[in-house]
Every structure is written in structure tokens, then in C-alpha cells.
A.B. asks: 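Take this structure, written in C-alpha cells, and hold onto it; I'll ask about it next.
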Amino acid sequence: MAARAPSGTHDVLWPESTRWESLLALFAAHVERAGYGLAHTPIFEDVKVFRRGIGEGSDVVGKEMYEFEDRGGRTLALRPEGTAPMVRAFVQRRPPLPWKAWYATPAFRYERPQAGRYRQHHQLGLEALGPSDPDLDVEVISIADGIFRSLGLTAFGLRINSMGDDVCRPGYLDLLRAHLEERSDQLCAEHRGRLEANPLRALDCKRDECRAATADAPGLADHLCEPCRAHFDRVRQGLDAMGVPYQLDHRLVRGFDYYTRTTFEFASAALVSAQNGIGGGGRYDRLVEMLGGPPTPGIGIGIGIERLLLACDAEGVFPVDPVPLDAFVVDVVGGEAARDITAALHRAGLRADRAYDNRSMKAQLKAADRSGALMVLIVGPDEVAAGTVSLRSLRGAGDQRSVPIDGVADAVRASLGGTTLDPPDPSGNVVAPHPRKDHP
RNA sequence: GUGGCCGUAGCUCAGUUUGGUCAGAGCGCCGGGAUGUGGCCCCGGAGGUCGCGGGUUCGAACCCCGUCGGCCACCCCA
């Protein structure tokens, strides 16, 4: 059996990888202009980082973590999500507040693989620690909304809810529990068993039985304490002001225990599978304390790269668009010219590739055509004798002319007519880190 | 973790119902048509232990079991 990637993992090869680069660049442009800085933290952590924050009772911690013991007997876990490690880093390093950071990371969960669900997937995320200001919730949500829109996505929706806080949630849970207990015979077996520990979970159950039992259940958002209600109102007001459409969803209950107050989820309507959540997050005002830090509010969002790109595919936007080469060098007289000319073009800042193994001219020109290069430089016996190189366009009719070998780089640059290594659009409206050329 | 569907060339698939020239097609790749010119076209070629292992049979890609992998749903999440 040939070696293959573990179940639920996948390779991202060129040209698909160019979309990942472009997405990363777009994300960075959007968040860095709002003051978020990139942070790298270890891919694995002491398992307690996740147990304490995400919660022992959660599915992610309870049955999906890649947990292992290292040679020193420490119990570690591959990160199943991005927030807990970032908060751990904050607790340990104590950067000045407010601390706004972003990350790009793989995340690992031992689940049954499915379309849009992997054992190793990748997330782009934001965390903002310090302020409890609801305007920060609005900022995080609207940044994500702006990113999705600048990718070209339109078929997605935002649902928001409030989980309340330590003051109002216990009372609400009692209300909900009482409501559900009266109808416990209607609940599915799984959630009947969870009634005592976490009645909230029944709210987002998709089974018809539970749906019926929870249809007229009290909503958390209707039982918030005054500060939480004011916070939530301000968030909604802010989203309205920012022009970010949303739906209130009292069933939106996310699976991590650390959430307080605002929670939200973006879902793509273009994805037909059940895995249509492209981004989600919320406020976690107690998480820093849970991990041993001082009381510090925070909010964050995680965006799934794979699902986001699946959504782009489904909507036909943000296509794979590999960077074309400026020139491709064809050499049928031994390869020295190809070696030297290609290197000279690279030194001149041009993108150039060449053929190898002394293949036939036809084969080399086919390779040139396939490479996507804008032009081909041909060196054969005639050119060697004349001290020239034939520069032929690979676009359109294929006009060809001779240029002196000493001035090849200048000739290539001149016939490009424009610049080739432009920086991204400083306005921030980037769709790719590289300039895109029109292909006739 | 539970349930269902699936696994044939690099890719997308036909063939499995009725076990016996069933190892095929398109695309891609390589070469040639064009003794120096790509894309289109034409001709030719390479490439497959029919996921893997076991079983039934005179004979299995085709039937049975197991296993690995993929997909779909549940659960949960990105």
C-alpha cells in the first residue's frame, strides 16, 4: 500500500495553495488595519488549557482531543481550537491591554471526517482582550463580515445570541430546565440525559422531538440581567449602524463552555452540507481567569479556511488564479543559455522558469505554454550564432522578435509594458497578494 | 462514536444486475505529423497487484467476510 495522509487530513498543493496565500493576505490586510497583530503559539499545549477553558463536558474536550503523553510524562494535546492557546499566551506573557491579536493555525479534532469537516482543519482567528465594550463585539463581527464580502460572498448569514453572565444565566437555566422537565418525555434520549448538567444543549438539537419541546422555551436573550441586556442591545445597535445584517437566534448555543454574553455564527447558504458554519465566536469574559489570569474580558472569532473556500467555490467567487510567469526559457542548444538567462531574469526581479533535460523544441514550447508564462525566450543555433534571443509572445498571435542576449531582462520588462511585482492595493481592497493579469 | 452509500489508469468514470476475450473511455502525460516554434487538429504510445487481505468457485473487478480509505447523515463544530 502506498503511503497516504491520515484519515481526515489533506494536502494543499499548488495551485490551490495560492488561494490560501491570497486568503491569508486578505485576512491580514483587514485585521491589521484595525490594530490586530499576528501571534504564533505552540501547536500543542498542556491538556489543562483546553479542559479548563472549553469545558470537561464539551464534546471537543470529552471525545475529540488528540491527547498524548510526551517522553517526560506530560499530558499534552494538539490544539482543537485557537482561542484557549491565545488566552494562555496572554495569561503567561501579559501584553499591555487592550491586546488585539490574530492567528492562522491548524486545529485538530478526532471526528468522523465529512465534507467540510476534517481531523486537521485550519482557522484564521482574532482575539481582543481587555475591553468589555460592546463596540468591540461589533468590530470583531463586522471585520469578519467585511472579509466575507470582499471575497465576493453574498449567500451567508449571521446569527447572534447572548449567553448572559454569572448573574443571569443560572436563573435562566432553572427556568429552561423547568420548562424542559415538563416536556422531558418529548426530548430525545440524549438531551433528556443532559437536562440536569446542561439544558442549553437541547436548544440547538436538530431532532424534531427536541425542536417541538423547545419551540416555546424561554429564550436566554429575554432573561438577561440589566447589564447583559444593555450590552446586547448595544451590540445589535452597532451591527445595525455598521450595516451588518443578522438574525437573533435564541437556539444558538455554542459548544464551548467559556462563552459569555455575545455569541455568533456565520453560515453559508451556498453549502449544501450540514457543515455550513464558516465562522463563529463570541465573548469569553471569564476565560482569562479560568486559565489563572486576572479578570479580563475578551472576545474572538474563528474562521474555517477549508469551509470558507468551499463556500467560495459554491458561489463561484475567489477563484484559483495562479501567478503567471513573466517568461519561460526554451533552449535547444545544451542548456547553458537557459541556465544563464533564467538566472539573469531572476536577478532582475522577473518571474521566469525554463525547461530541463534537453527536450525537443516542441516539448519545451508546450511546457512554456502550460506554464502560463506571458512570453517565451527561445535559444537555438541561429540565436547563438547571432548573439540574440528570440522573444515570442505566448498571448494572442504569437508575434516574435530578436533581442540582443545582453539585454534580455530589459527586453522582457519592456514588453511586459507594466510592472510585475506590485504590492497589494494599499486601499485594503485586495483580493490577492499578487496582481492579476487579464487572460485574453 | 452510531447508521447508510462507495473504492477500476495521474483525474473523471463505464464495466459488477445475468462470475468466464472486462481490463476500457475521455481528459492529462509522452512521442510523431511540422529536419527550429506552443495553443487547435490528426496519428501513435506509456500507464492499472480493478484499495488491501482472506474466502466461495474450474474460474472473481464482479459473490461473501474482514480491513483501510472516501462520501453522506447524526453528534459537534471551522
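Here is how names work: the chains are called A, B, and so on, in the same order as the sequence lines, proteins then strands, and each is numbered from 1.
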A.B. asks: Regarding A:R236 and the six-membered ring of A:F232, is the cationic atom NZ or CZ under 6.0 Å from the ring centre and inside 45° of its axis?
C.D. replies: yes

A.B. asks: Just checking A:A363: base, sugar-phosphate only, or nothing, at a heavy-atom cut-off of under 4.0 Å?
C.D. replies: sugar-phosphate

A.B. asks: Looking across every strand, which nucleic acid part, if any, lies under 4.0 Å from A:G8 by heavy atom: base, sugar-phosphate, or nothing?
C.D. replies: sugar-phosphate

A.B. asks: Hunt down the Watson-Crick or G-U wobble partner of B:G24, both distances under 3.5 Å, from any strand shown, or write none.
C.D. replies: B:C13

A.B. asks: Could you state the CE-P distance from A:M65 to B:G1, rounded to the nearest angstrom?
C.D. replies: 17 Å

A.B. asks: Starting at CZ of A:R254 and ending at C1' of B:C76, how long is that distance when rounded to a whole Å?
C.D. replies: 11 Å

A.B. asks: Is there a Watson-Crick or G-U wobble partner for B:U2 with both distances under 3.5 Å, and if so, which one is it?
C.D. replies: B:A73

A.B. asks: Under 4.0 Å, counting only non-hydrogen atoms across every strand here, what does A:E383 touch: a base, just sugar-phosphate, or nothing?
C.D. replies: base

A.B. asks: Under 30°, 30 to 60°, or over 60°: which ring-plane class applies to A:F256 and A:Y258, parallel, tilted or perpendicular?
C.D. replies: tilted

A.B. asks: Kindly indicate whether the side chain of A:Q275 and the base of B:A73 share any N or O donor-acceptor pair separated by less than 3.5 Å?
C.D. replies: no

A.B. asks: Would you kindly say whether A:T41 and A:R79 are connected by a side-chain donor-acceptor distance under 3.5 Å?
C.D. replies: yes

A.B. asks: Of all the nucleotides listed (B:U37, B:C76, B:G69), which has the minimum atom distance to the side chain of A:I378?
C.D. replies: B:U37

A.B. asks: To the side chain of A:R392, which of B:U37, B:C75, B:C71 is closest?
C.D. replies: B:U37

A.B. asks: Under the salt bridge (Lys or Arg N to Asp or Glu O under 4.0 Å) rule, what pairs show up with a residue in residues 135-155 of chain A, not counting sequence neighbours?
C.D. replies: A:K100-A:E139, A:D135-A:R234, A:D137-A:R283, A:D145-A:R149

A.B. asks: Nearest heavy atom decides the nucleotide; on that basis, is A:S58 or A:A115 closer to the 5' end of RNA chain B?
C.D. replies: A:A115

A.B. asks: Between A:F156 and A:F148, does the ring centre distance come in under 6.0 Å?
C.D. replies: yes

A.B. asks: Give me the distance, rounded to whole Å, that separates B:G7 from B:U12 when you measure between the P atoms they each carry.
C.D. replies: 13 Å

A.B. asks: If the C1' atom of B:G1 is compared with that of B:G15, how far apart are they to the nearest Å?
C.D. replies: 36 Å

A.B. asks: Would you say the side chains of A:E383 and A:S390 form a donor-acceptor pair under 3.5 Å?
C.D. replies: yes

A.B. asks: Using distance alone, with no hydrogens and no angle criterion, decide if A:Q400 and A:S393 have a side-chain donor and acceptor under 3.5 Å apart.
C.D. replies: no

A.B. asks: Could you list by number each residue of residues 301-312 of chain A showing a heavy-atom separation from RNA chain B of less than 4.0 Å, or answer none if no residue does?
C.D. replies: A:G302, A:G304, A:R307

A.B. asks: Mind checking if A:F256 touches a base, just sugar-phosphate, or nothing, with heavy atoms under 4.0 Å?
C.D. replies: sugar-phosphate

A.B. asks: Taking the P atom in each of B:C27 and B:A23, what is the distance between them to the nearest angstrom?
C.D. replies: 23 Å

A.B. asks: Which pairs pass side chain to side chain donor-acceptor pair (under 3.5 Å) with one or both residues in residues 367-381 of chain A, sequence neighbours excluded?
C.D. replies: none

A.B. asks: Ignoring hydrogens and angles, tell me if any N or O in the side chain of A:D285 forms a donor-acceptor pair with the backbone of A:P297 under 3.5 Å.
C.D. replies: no

A.B. asks: Using whole Å, what does the distance between atom C1' of nucleotide B:C76 and atom CD1 of A:I54 come to?
C.D. replies: 12 Å

A.B. asks: What is the distance, to the nearest angstrom, from the CG atom on A:L24 to the C1' atom on B:A78?
C.D. replies: 15 Å

A.B. asks: Can you pull every protein N or O that's under 3.5 Å from an N or O on nucleotides 4-7 of chain B?
C.D. replies:
none

A.B. asks: Does B:U57 have a Watson-Crick or wobble mate here (both distances under 3.5 Å), and if so which one?
C.D. replies: none

A.B. asks: Here's a test for you: under side chain to side chain donor-acceptor pair (under 3.5 Å), which of A:E16, A:E306, A:R119, A:H121 qualifies with A:H10?
C.D. replies: A:E306

A.B. asks: Could you tell me whether the side chains of A:W102 and A:E127 share a donor-acceptor contact shorter than 3.5 Å?
C.D. replies: no

A.B. asks: Could you write out each protein N or O paired with an N or O of nucleotides 27-29 of chain B at a distance under 3.5 Å?
C.D. replies:
{"unit_1": "B:C29", "atom_1": "OP1", "unit_2": "A:R370", "atom_2": "NE", "d": "3.3"}
{"unit_1": "B:C29", "atom_1": "OP1", "unit_2": "A:R370", "atom_2": "NH1", "d": "2.8"}

A.B. asks: Taking B:C11 as the reference, what is the distance to B:U49 when you measure between their P atoms (whole Å, please)?
C.D. replies: 13 Å

A.B. asks: Mind checking what makes side chain to side chain contact (heavy atoms under 4.5 Å, CB included) contact with A:E315, not counting sequence neighbours?
C.D. replies: A:L153, A:T154, A:A155, A:A270, A:V317

A.B. asks: For B:C68, take OP1 and OP2 only and decide whether either is under 4.0 Å from a side-chain N or O of A:S7.
C.D. replies: no

A.B. asks: Of the options B:A78, B:A73, B:U37, whose atoms approach the side-chain atoms of A:Q123 most closely?
C.D. replies: B:A78

A.B. asks: Could you state the CE-P distance from A:M361 to B:G39, rounded to the nearest angstrom?
C.D. replies: 14 Å

A.B. asks: Quiz question: by atom type and distance under 3.5 Å, do the side chains of A:E81 and A:Q123 form a donor-acceptor pair?
C.D. replies: no

A.B. asks: Under 3.5 Å, is there an N or O donor on one side and an acceptor on the other linking the side chain of A:Q364 and the base of B:U37?
C.D. replies: no

A.B. asks: Hydrogens and angles aside, do A:H30 and A:S150 bring a side-chain donor and acceptor to less than 3.5 Å of each other?
C.D. replies: yes

A.B. asks: Answer yes or no: does a side-chain N or O of A:Q400 lie under 4.0 Å from OP1 or OP2 of B:U37?
C.D. replies: no

A.B. asks: Under 4.0 angstrom, heavy atoms only, what part of the nucleic acid is A:G116 near: base, sugar-phosphate, or nothing?
C.D. replies: base

A.B. asks: Strictly by Watson-Crick or wobble contacts shorter than 3.5 Å, is anything paired with B:U67, and which nucleotide is it?
C.D. replies: B:G51

A.B. asks: If we take the P atom in both B:A61 and B:U16, what is their distance in whole Å?
C.D. replies: 14 Å

A.B. asks: Is B:C40 paired to anything, Watson-Crick or G-U wobble with both distances less than 3.5 Å, and if yes, which nucleotide?
C.D. replies: none

A.B. asks: Quantified in whole Å, what is the C1' atom distance between nucleotide B:A9 and nucleotide B:C22?
C.D. replies: 15 Å

A.B. asks: If you find the nucleotide of RNA chain B closest to A:V376 and the one closest to A:G281, which residue's nucleotide is nearer the 5' end?
C.D. replies: A:V376

A.B. asks: Scan every strand shown for a Watson-Crick or G-U wobble partner of B:C29, both distances under 3.5 Å, and answer none if you come up empty.
C.D. replies: B:G45

A.B. asks: B:G3 and B:G45: how far apart are their P atoms, nearest whole angstrom?
C.D. replies: 50 Å

A.B. asks: Could you tell me how far B:C75 sits from B:G20 if I compare only their P atoms? Round to whole Å.
C.D. replies: 44 Å

A.B. asks: Between the side chain of A:T342 and the main-chain N/O of A:R339, is any donor-acceptor distance below 3.5 Å?
C.D. replies: no

A.B. asks: So, under a plain 3.5 Å distance rule, would you say the side chain of A:D369 forms a donor-acceptor pair with the base of B:G38?
C.D. replies: yes

A.B. asks: Measure from NE2 on A:H10 to P on B:A78 and round the result to the nearest Å.
C.D. replies: 16 Å

A.B. asks: Rounded to whole Å, how long is the line connecting atom CG of A:L325 with atom C1' of B:G38?
C.D. replies: 15 Å

A.B. asks: In whole angstroms, how far is the P atom of B:U37 from the NZ atom of A:K362?
C.D. replies: 10 Å

